[in-house]
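Values reported hereafter were calculated over all heavy atoms of this structure, with side chains retained and with hydrogens, waters and symmetry mates removed. Lettering of chains follows the sequences in order, A, B, ..., and the numbering in each one begins at 1.
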Amino acid sequence: MSEEKSLHFIEEIIEGDLAAGKHQSIITRFPPEPNGYLHIGHSKSICLNFGLAKKYGGTTNLRFDDTNPVTEDTEYVDSIKEDIKWLGFEWSNEFYASDYFDSLLEFAVQLIQKGLAYVDDSSSEEIAQLKGTPTESGKDSPFRNRTVEENMALFMAMKEGKYKDGEKVLRAKIDMTSSNMLMRDPIIYRIKHAHHHRTGNKWCIYPMYDFAHGQSDSIEKITHSICTLEFIPHRELYNWFIEKLEIYPSHQYEFARLNMTYTVMSKRKLLQLVNEGHVTSWDDPRMPTISGFRRKGYTPNSIRNFCDKIGVAKRENLIDLSLLEFCLREDLNTTAKRVMAVLDPIKLIITNYPANTSEILQSENGPDETMGNRDLHFSNELWIEREDFMEEAAKKWFRLAPGAMVRLKSAYIVRCDSFEKDAAGKISAVYCTYFPESKSGSDNSGLSVKGTIHWVSVAHAATAEVRLYDRLFRVENPSSEEGDFKDYINPHSLEIIPNAYIEQSLLSADLNDRFQFIRKGYFCLDKDSTKDRLIFNRTATLKDAWVKEVKKG
RNA sequence: UGGGUUAUGGUGUAACGGUAGCACUACAGAUUUUGAUUCUGUCUGUCUAGGUUCGAAUCCUGGUAACCCAACCA
């Protein structure tokens with residue numbers, strides 16, 4: 001009895017191709033432009049391309065689409081490689097479109113010789129003018145009928161640097177009346193006297209995306225070139241070049257990109273968030289970048305599972321952030337080490353426990369017994385969470401209140417006898433008696449309580465900064481709202497707690513560790529931490545049935 | 001009075017002419033030394049109007065809606 005998981009449309013295409021003997025094995029590629037940081041949407045593409053190759057015994061190339069020297073930089077190359085590796089994938093080859101500049105030039109020459117490309121002296125405004133609109137067809141350029149010899153000479157002169165930026169372009173000679181705007185004699189080479197991050201100053205002409213991507217696929221013998229829906233109109237051109245150049249016929253397939261609630265995904269918008277200071281950096285834990293999720297404490301496993309669950313199809317989608325959070329909690333629940341930390345403290349004083357003494361208690365590190373135990377210091381003065389005490393108990397309140405009993409996690413049951421307020425009327429301390437015979441693990445008190453709360457011994461607590469992150473936007477789909485998307489930024493997306501009390505075991509926390517602060521959420525150490533000042537990021541909250549109870553009234 | 005793509009619960013995704021399924025969310029309950037986890041259950045769906053067929057989410061025809069295409073960006 002094996003449960004068959006149905007195939008998505010790209011898997012069906014691949015299985016069909018394999019079954020028909022069209023390919024012996026497949027080759028895919030992940031083709032980022034090194035001009036920015038990868039975001040969660042890219043991880044869908046990464047998981048798809050690498051996942052397909054893995055599933056069908058093929059290989060995947062990492063290819064940087066670096067045909068525009070003015071926007072690209074090695075800084076981005078490095079971060080992209082780091083992010084892919086972190087997600088857990090290995091590429092077979094690391095290629096660059098710029099590796100193929102010589103071949104691409106040769107392809108352009110072939111097109112000219114076949115009378116399928118020409119040099120146009122028009123300005124970009126003139127070219128745009130003659131291009132027409134989606135509803136009106138375009139008109140031929142006055143330079144469209146130059147001879148092969150003239151085009152050859154002109155193109156070589158472009159290459160030699162005889163012209164300034166914008167003076168001339170090389171265009172494919174296709175059809176100015178096509179209903180597909182991309183077929184109206186697309187520009188394939190432009191002049192840019194710019195330094196390229198890999199080829200330096202060798203070139204002053206650079207191929208456009210459409211004259212580089214498909215050919216690069218072909219050179220690498222990519223069998224299935226997978227991209228997002230907005231490239232559908234490019235497919236006709238992609239195939240045209242392959243046909244006219246008579247090169248290896250890679251095929252392009254398109255799927256719907258990932259959109260997610262409470263965030264934005266476009267590079268332009270993410271850039272604005274960084275540049276205008278709404279977040280601190282590209283790897284700010286509120287950013288939907290892979291580096292942002294990493295810094296926030298997400299695991300590669302959770303992101304891969306997420307990408308697996310969202311599926312691959314061709315319709316526009318807006319995935320619930322709660323699905324990503326589910327995948328995260330599913331992973332962290334089994335792996336995160338349980339610890340105690342008090343974020344908003346009030347003091348609990350045990351009046352019948354001897355002062356100036358302490359004992360060491362054992363607490364389990366996690367639900368799995370193999371995770372072992374750790375030591376906890378217990379004494380007569382403890383920090384507990386302010387929200388775990390109520391002056392007048394609400395109905396269904398299981399926590400501390402005058403006369404009520406709770407268990408201190410991994411320690412004793414206590415009963416609240418009284419409390420104290422400061423001048424401002426805020427609770428400053430609660431006084432309890434404890435039941436020595438209720439000690440965790442050897443409880444023979446006969447008492448039973450409904451609530452268990454976390455705590456840290458005042459005399460033994462360490463302190464740390466804790467950063468509580470919430471969703472970056474107040475609305476599900478900021479991009480579809482009226483006005484500017486930035487008007488919908490959540491003003492409370494970050495709350496900083498300068499001095500939380502943490503148990504001592506956290507002093508040896510490592511950047512790779514994942515913790516559950518019991519009852520408070522999942523946390524990890526932030527890279528801003530120093531030896532003297534630890535900083536923890538909240539990765540996610542725990543589900544909280546009590547807040548629902550409160551909302552019900 | 002252009003072309004292209006897509007329409008299945010609140011969200012995402014299956015069903016390939018034959019029982020509308022799965023996951024997330026929401027809600028209710030059980031268990032719980034985390035109001036977590038786990039377990040059980042409940043609600044909600046085939047864009048629309050016709051047609052073909054014993055039988056239609058699926059095929060046909062006509063509507064409707066959303067998204068994409070007019071960078072020397074990718």
Side-chain angles (χ1 to χ4, degrees), chain A residues 3 5-8 12 31-33 35-36 65-68 70-72 97 120 123-124 127-129 131-138 165-171 178-182 184 186-192 205-206 208-210 212-213 227-236 254 256 261 267 309-327 329-330 333-334 338 340 363-364 367 396-399 406-411 413 438 440-441 443 448-454 476 516-521 541-549:
Chain A
E3 252 181 62
K5 204 193 164 202
S6 55
L7 303 175
H8 60 68
E12 285 188 355
E33 182 189 12
N35 71 344
D65 236 334
D66 55 350
T67 57
N68 186 359
V70 303
T71 58
E72 296 154 5
D120 196 328
S123 67
S124 63
I127 289 175
Q129 192 63 238
K131 194 156 198 178
T133 67
T135 53
E136 289 169 72
S137 82
D165 289 10
E167 262 187 79
K168 287 183 167 43
V169 290
L170 183 69
R171 293 229 257 169
S178 172
S179 57
N180 183 348
M181 298 292 288
L182 284 157
R184 322 243 261 227
I187 292 166
I188 59 180
Y189 261 96
R190 78 288 215 190
I191 299 169
K192 272 182 198 280
I205 57 170
Y206 292 91
M208 297 287 289
Y209 164 85
D210 286 299
H213 200 101
C227 59
T228 46
L229 252 27
E230 63 270 25
F231 288 94
I232 288 176
H234 293 255
R235 190 175 61 226
E236 191 180 358
E254 311 87 8
T261 56
K267 204 172 274 180
K309 282 185 206 289
I310 59 179
V312 178
K314 298 189 83 150
R315 66 187 93 104
E316 295 290 328
N317 58 75
L318 183 63
I319 312 271
D320 263 332
L321 175 61
S322 57
L323 180 61
L324 213 209
E325 291 181 335
F326 167 81
C327 293
R329 293 188 183 112
E330 184 184 40
N333 179 47
T334 61
R338 269 58 171 177
M340 293 201 276
S363 188
E364 72 282 358
K396 294 193 184 174
W397 178 257
F398 305 154
R399 283 118 90 156
V406 294
R407 174 172 292 281
L408 297 167
K409 172 71 180 170
S410 299
I413 291 174
S438 67
S440 184
D443 184 346
S448 88
V449 294
K450 286 203 97 171
T452 299
I453 65 173
H454 61 279
E476 285 202 336
Q516 186 194 102
F517 289 5
I518 288 182
R519 304 204 308 133
K520 296 310 295 179
T541 58
L542 259 26
K543 285 193 174 179
D544 190 342
W546 173 246
V547 301
K548 283 180 200 165
E549 197 62 44

What nucleic acid atoms does [X] come within less than 4.0 Å of, heavy atoms only: base, sugar-phosphate, or nothing?
| X | value |
| --- | --- |
| A:Pro134 | base |
| A:Asn180 | nothing |
| A:Ile319 | sugar-phosphate |
| A:Ser440 | base |
| A:Leu318 | sugar-phosphate |
| A:Lys548 | sugar-phosphate |
| A:Glu325 | nothing |
| A:Ser123 | base |
| A:Thr261 | nothing |
| A:Phe231 | base |
| A:Ile518 | base |
| A:Arg399 | base |
| A:Arg338 | base |
| A:Gly441 | base |

Next item on the list: Could you check A:Leu542 against A:Val312 and say which one's nearest nucleotide on RNA chain B is further toward the 5' end?
Entry: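 Upstream on the strand: A:Val312.
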
If you check the [X] side chain, which of [options] turns out closest?
| X | options | answer |
| --- | --- | --- |
| A:Asn68 | B:rA26, B:rU34, B:rA74 | B:rA74 |
| A:Lys131 | B:rA23, B:rU13, B:rA70 | B:rA70 |
| A:Asn317 | B:rG12, B:rG35, B:rA14 | B:rG12 |
| A:Arg190 | B:rC73, B:rC24, B:rG3 | B:rC73 |
| A:Thr452 | B:rU33, B:rG2, B:rC72 | B:rU33 |
| A:Ala545 | B:rU13, B:rC68, B:rG35 | B:rG35 |
| A:Lys192 | B:rA74, B:rA36, B:rC73 | B:rC73 |
| A:Met208 | B:rG12, B:rC73, B:rG35 | B:rC73 |
| A:Asn333 | B:rU5, B:rC24, B:rU37 | B:rU37 |
| A:Ala128 | B:rA74, B:rC24, B:rA71 | B:rA71 |

Check: Taking the chi torsion of B:rA30, is it syn (within 90° of 0) or anti (everything else)?
Finding: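 Here B:rA30 takes the anti form, which means its glycosidic angle is more than 90° from 0.
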
Notebook entry, point to check: With no angle test and no hydrogens, is the base of B:rU5 tied to the side chain of A:Arg315 by a donor-acceptor pair under 3.5 Å?
Noted result: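 When only heavy-atom distances are counted, A:Arg315 does not reach the base of B:rU5 through any donor-acceptor pair under 3.5 Å.
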
Note to self: If you compare every side-chain N and O of A:Ser178 against the phosphate oxygens of B:rG3 (OP1, OP2), does one of them come in below 4.0 Å?
What the structure shows: no

Margin query: Tell me whether the side-chain N/O atoms of A:Arg329 come closer than 4.0 Å to OP1 or OP2 in B:rU37.
Written below: no

Quote, to the nearest angstrom, the [atom1] distance that separates [N] from [M].
| N | M | atom1 | result |
| --- | --- | --- | --- |
| B:rU37 | B:rC43 | C1' | 24 Å |
| B:rA20 | B:rC60 | C1' | 22 Å |
| B:rU44 | B:rU1 | P | 42 Å |
| B:rA74 | B:rC39 | P | 50 Å |
| B:rA14 | B:rA57 | C1' | 11 Å |

Item checked: Donor-acceptor side-chain pairing of A:Glu33 and A:Thr71 below 3.5 angstrom -> yes

